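What follows is a short report on a single structure.
Everything numeric here is computed off the predicted structure, so don't read it as measured data. We count ligands from 1, going down the list as the structure has it; atoms in each ligand are counted the same way.
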Amino acid sequence: MPRAELCISKENLLRNVELLYSFSGKPLIAVVKADAYGLGAPLVASVLEERKEVSALAVACVEEGIELRKAGIAKKILVLGGVLKGEEKALVEYRLTPVVSHREHLRAVEGLPIPIQVKYDTGMGRLGFLEGTLQDPRIEGVLSHLSSPLDESYSLQQIEKFRRLVEAYGKLPYVHVESSAGLLYRVAFTTHIRVGLALYGEKPCPTYPVEIRRVLNLRARIISIKTLPAGFPVSYSKSYITQKASRVGVVAFGYADGLMKSLSNKASLWYQDKPVRILGNITMDMTMVDLTGTQAQVGDWVEIVGERQSFTDLARLAGTIPYELMSNLSKRVQRRVVDSTPVPVLK
Ligand SMILES: *Cc1c(COP(=O)(O)O)cnc(C)c1O
């Protein structure tokens, strides 16, 4: 029995695929980089594998692509992070499609009998050719990336730049620029959307027009409970001192599992329907919570993220973005796919 587990609802993940597909009218390139934002790339990919609304998966690097192939994933895999010399054999052997965004990437794929996609930098200032329209018979797709998808006028400029670049290519099987937040622009000339966050059940903005569902439940077990008298300091550096006699629970989940230390004394976890405040500093493997007034017992589960609290909620408190919290979930957290919703209730 694991002490911390992440349950992924297959039903809700697939529901999000359908919702994103029907909202955009375009099949998905599911972004599963960074271990599918911490959910577990092989697990997520195997759920998406049989869906025809998902045309391809996207990873950051060749190693991530190899991991998916070794897990038996057959779908097309795009490598967003380009390709370096020395990686060409793996591309062919594992059927990976590189996104070429630099002349050196082009040199690395010289003579290889594989499809490639080309990335243009229309204002992100990261990967992509700034101009020119690279021609190569192996080009099956072109893409760009929005730097500030919630900034409408800037995004529309980027999209317009991209449209002009795309024009030079005629018809291509893959043209994509919209990420989760980018869907808002309903771009007319693209063939696919390239989404991660929304697929995993986190809305990129509060007014997101797609009613996506929560996909996961992250929980950990209570490994100790004791009543501390008033005036008793809790955890390293004594940053919290009990005001009154308090039932303090120790949850088997710390910053090494992915709960950022900056949430110390700020966030709450949930015991059944009750928020239980984090007391004192989050430690490497454990976090203390206030269980006063609950019937919690050692061995019970505490919910960290789920129906009642999202990664986006926690990220706001931590002064970061959900992407960072999610991708920091450690390998100590046991991941599994459960069939249906709701994700398992606590207790
Ligand atoms: C991570 C990433 C995405 C997915 O973005 P979301 O906001 O998670 O939908 C799309 N495109 C590129 C190039 C990325 O790096």
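Taking the six-membered ring where tryptophan is involved, the planes of H102 and H105 are tilted, since the angle between them lies from 30° to 60°. Using a 30° and 60° split on the angle between ring planes, F189 and F162 fall in the tilted class, from 30° to 60°.
Each of V31, K33, Y37, K119, R126, H145, S179, S180, R194, V195, G196, L197, Y323 has a non-hydrogen atom positioned under 4.0 Å from some atom of ligand 1.
By the side-chain contact (heavy atoms from CB on, under 4.5 Å) test, F232 is found to be paired with L228, P229, T242, residues two or more places apart in sequence or in another chain being considered.
H176 pairs with exactly one of H145, Q117, K26 by the side chain to side chain contact (heavy atoms under 4.5 Å, CB included) rule, that one being Q117.
Taking 4.0 Å as the cut-off between side-chain N and carboxylate O, R213 and E307 do not count as a salt-bridged pair.
For the atom pair CZ of F23 and CG of L183, the computed distance is 6.5 Å after rounding to the nearest 0.5 Å.
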